[in-house]
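Each chain gets a letter, A, B and so on, in the order its sequence line appears, and its residues count up from 1. Note: hydrogens, waters and symmetry copies are ignored here, and every other heavy atom, side chains too, is used.
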Amino acid sequence: MPELPEVEQFARHLAPRVAGQQIRFAEIRCLRTIRPLTPESFRDALRGSAITGVRRRAKYLLFDLAPSCSGHAQCLLGHLGMTGRIFVQPLQEPLPRHTVAALDLGATRLVFEDARKFGRLLTDASALNGLGPEPLSPDFSTEVLTAALRGSRRAIKACLLDSGVVAGIGNIYASESLFRARIHPQRAGGHLTPDECRRLRTAIRGVLSEAIRRAEAQSLETPANRETLFYHGNAPGSPATSRFCVYDRANAPCPNCRTPIRRLVQAARSTYFCPRCQW
DNA sequence: CACCATGTTCCTTG
DNA sequence: CCAAGGAACATGGT
């Protein structure tokens, strides 16, 4: 899946390609992908709508829609799940094998490809209710993070994956942020010291913004398209070396101290950390 | 065949 | 009420 930096890259890639385009028709190949569930009601919410822009909130892509008729949706939300990609291609090009939906924009099509089918297209923005602050926005201050963690005995790793605490941190960047902040993933969220909260906020913003910058730089070298829009950070054909410090690097040497990185399981998800640098 | 997987939601259990 | 753990979703990669 795309984590937050990859979703941001999708939004930046798509915005100039779909802004001003009108949705002519929605082809639905996988019913479970859409909400509302029937193609008829889904199309009703989108009928005649023009896309005015693309934004990101947490890991959602937000396609802003111009008013068309009564009952139209104000926004189309896309969530890529674990394996989703959304991209634009010429109308005459054949749809990829795992296409779950395609929006006809006239000369082009907005294609949603999703092998694992965990992704969703929503015409109702209520999924955004209850999300915590965007980690890269000024709202995400040390005070806000500290307040969200106050009193919690949950492991800090679990807190970071809770979208109500801070929006859009996934399994990869939770491990990477805790490594950078030198905090052990099993520490209770409410027991972090003020300095640890400050370090954690700085680390989260750093790892996410650096990942976005890397994606941006890469898209300048290699024009972004279906093939090069990456997830898991690695574009096809790019060196296999991980760009992560700890994620998926069990037994590899810590970049700081060479101690072997350890893997543990929390809430059924893998966590990677350095037992010497993080405590 | 076995096991793992970048996300989210829901359910059960304590 | 809270938290933890697990299952579920569906498919592909190793």
Side-chain angles (χ1 to χ4, degrees), chain A residues 1-11 28-35 37 56-61 77-86 96-101 112-122 124-132 135 148-179 185-191 204 207-208 210-212 214-215 229-236 238 240 242-251 263-272:
Chain A
M1 113 53 271
E3 283 218 27
L4 183 151
E6 291 84 51
V7 180
E8 179 70 27
Q9 190 195 10
F10 274 105
I28 309 302
R29 292 196 173 184
C30 175
L31 289 178
R32 68 171 61 253
T33 297
I34 56 168
R35 296 285 186 283
L37 276 165
R56 178 193 59 75
R57 170 78 169 114
K59 292 170 197 156
Y60 288 90
L61 284 168
L77 278 65
H79 196 292
L80 301 171
M82 296 272 266
T83 55
R85 301 174 178 197
I86 295 182
R97 161 129 164 241
H98 296 296
T99 299
V100 289
F112 189 175
E113 184 187 21
D114 185 13
R116 206 164 149 186
K117 297 177 180 161
F118 285 2
R120 296 289 180 265
L121 286 178
L122 316 167
D124 169 8
S126 63
L128 305 179
N129 297 343
L131 288 176
L149 297 177
R150 186 163 297 139
S152 175
R153 280 161 297 181
R154 301 158 79 190
I156 185 61
K157 164 76 181 323
C159 298
L160 293 183
L161 292 179
D162 180 342
S163 62
V165 171
V166 52
I169 299 192
N171 205 38
I172 293 175
Y173 293 102
S175 283
E176 293 296 308
S177 299
L178 288 168
F179 172 76
Q186 289 176 313
R187 293 273 306 283
H191 292 172
I204 290 167
V207 296
L208 293 176
E210 285 168 27
I212 290 170
R214 255 196 308 275
L229 281 168
F230 61 84
Y231 38 110
H232 210 286
N234 293 316
S238 74
S242 175
R243 64 191 180 81
F244 304 124
C245 289
V246 292
Y247 179 78
D248 202 21
R249 293 180 62 79
N251 304 315
R263 170 183 185 265
L264 62 85
V265 175
Q266 296 176 281
R269 314 298 303 276
S270 294
T271 300
Y272 300 88

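Within 4.0 Å (heavy atoms only), Ala158(A) reaches no atom of the nucleic acid at all. At a threshold of 4.0 angstrom between heavy atoms, the contacts of Ser270(A) are confined to the sugar-phosphate backbone, with no base atom among them. Residue Ala268(A) is classed as having no contact, given no heavy-atom separation below 4.0 Å to the nucleic acid. No contact: Arg120(A) has no heavy atom under 4.0 Å from any strand.
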Test side chain to side chain contact (heavy atoms under 4.5 Å, CB included) on Leu160(A) and Ile204(A) and set out the steps. CA-CA 10 Å; Leu160(A) 293 183; Ile204(A) 290 167; 3.8 Å; yes
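Rounded to whole angstrom, the span from the NE2 atom of His79(A) across to the P atom of dG7(B) amounts to 8 Å. Rounded to an integer number of Å, the gap from CG of Leu264(A) to C1' of dG5(C) is 15 Å. As rounded to whole Å, 15 Å separates atom P of dT8(B) from atom CG of Leu121(A). With rounding to whole Å, Asp162(A) atom CG is found 12 Å from dC2(C) atom P. Here dG14(B) presents its C1' atom at 16 Å from CZ of Arg154(A), a figure rounded to the nearest Å. Distance CG (Asp248(A)) to C1' (dA5(B)): 9 Å, rounded to an integer number of Å. If you take CZ of Arg187(A) and C1' of dA3(C), they are 19 Å apart, rounded to a whole angstrom. Rounded to whole Å, the distance from CD on Glu6(A) to P on dA5(B) is 17 Å.
A salt bridge links Asp162(A) and Arg154(A); the closest N-O separation between the charged side-chain nitrogens and carboxylate oxygens is under 4.0 Å.
Note on Arg263(A): a side-chain N or O is less than 4.0 Å away from OP1 or OP2 of dA5(B). Between His98(A) and dT11(C), a side-chain N or O to OP1/OP2 separation shorter than 4.0 Å is absent. Distances shown here put a side-chain N or O of Lys59(A) below 4.0 Å from the OP1 or OP2 atom of dT8(B).
When only modelled atom types and interatomic distance are considered, Gln266(A) and Thr271(A) share a side-chain donor-acceptor pair under 3.5 Å.
Judged by centroid separation below 5.5 Å and plane tilt below 30°, Phe118(A) does not stack onto the base of dT8(B).
If you check distances only, the side chain of Arg116(A) does reach the base of dA5(B) with a donor-acceptor pair under 3.5 Å.
Counting only heavy atoms from C-beta on, Arg269(A) has its side chain closest to dG7(B) among dG12(C), dG7(B), dT11(C).
When atom types are taken as modelled, the side chain of Ser175(A) and the backbone of Ile172(A) share no donor-acceptor pair closer than 3.5 angstrom. A donor-acceptor pair is defined here as one N or O able to donate and one able to accept, closer than 3.5 Å; such a pair exists between the side chain of Glu176(A) and the backbone of Tyr247(A).
Taking atom C1' on both dC9(C) and dC1(B), the two are 22 Å apart, rounded to the nearest angstrom.
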